[in-house]
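Report on the structure given below.
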Amino acid sequence: MWDVSDICRLPFIDDNDCGLGIAVRTYLDDLPLQADPTSPEARAEVKAKGKEWFQHSDSFTGNLDMAFKLWDAVGDSSGDALTTY
């Protein structure tokens, strides 16, 4: 069970974390503009644009990976909740 204080550790709760949401949105908005948006090459090409879009980001690719791991974890836990309850 979680505690109310756990909400303070969620991403997107402060200004810097909102930037991660904007970065993910920018990446996802650009993917459909590629010839084959599901190909690894297209994904790599769009990720490479991250340094141009977010010049002060330490690791655009690393930040995207973290955001998608969070998304996967939420999906996994939601699936567990549906089968448990």
Please tabulate, one pair per line, all N/O donor-acceptor pairs under 3.5 Å involving side-chain atoms of residues 61-72, not counting sequence neighbours.
from: Asn63; atom 1: ND2; to: Ser57; atom 2: OG; distance (Å): 3.3
from: Asn63; atom 1: ND2; to: Ser59; atom 2: O; distance (Å): 3.2

Discussion item. Check the orientation of Phe60 and Trp53. Use parallel for under 30°, tilted for 30 to 60°, and perpendicular for over 60°.
Written reply: perpendicular
Worksheet entry | Contacts of type side-chain hydrogen bond (donor to acceptor under 3.5 Å, both in side chains), residue Lys49, not counting sequence neighbours | Asp30
Item to complete: Could you list the residues that satisfy side-chain hydrogen bond (donor to acceptor under 3.5 Å, both in side chains) with Asp58, not counting sequence neighbours?
Response: none
Report all side-chain donor-acceptor pairs from residues 38-47 shorter than 3.5 Å, counting only partners two or more places apart or in another chain.
from: Thr38; atom 1: OG1; to: Asp36; atom 2: OD1; distance (Å): 3.2
from: Ser39; atom 1: OG; to: Asp36; atom 2: O; distance (Å): 3.0
from: Ser39; atom 1: OG; to: Ala42; atom 2: N; distance (Å): 3.1

All N/O donor-acceptor pairs, side-chain side in residues 19-29, below 3.5 Å, sequence neighbours left out:
from: Arg25; atom 1: NE; to: Asp29; atom 2: OD1; distance (Å): 3.1
from: Arg25; atom 1: NE; to: Asp29; atom 2: OD2; distance (Å): 3.1
from: Thr26; atom 1: OG1; to: Ile22; atom 2: O; distance (Å): 2.8

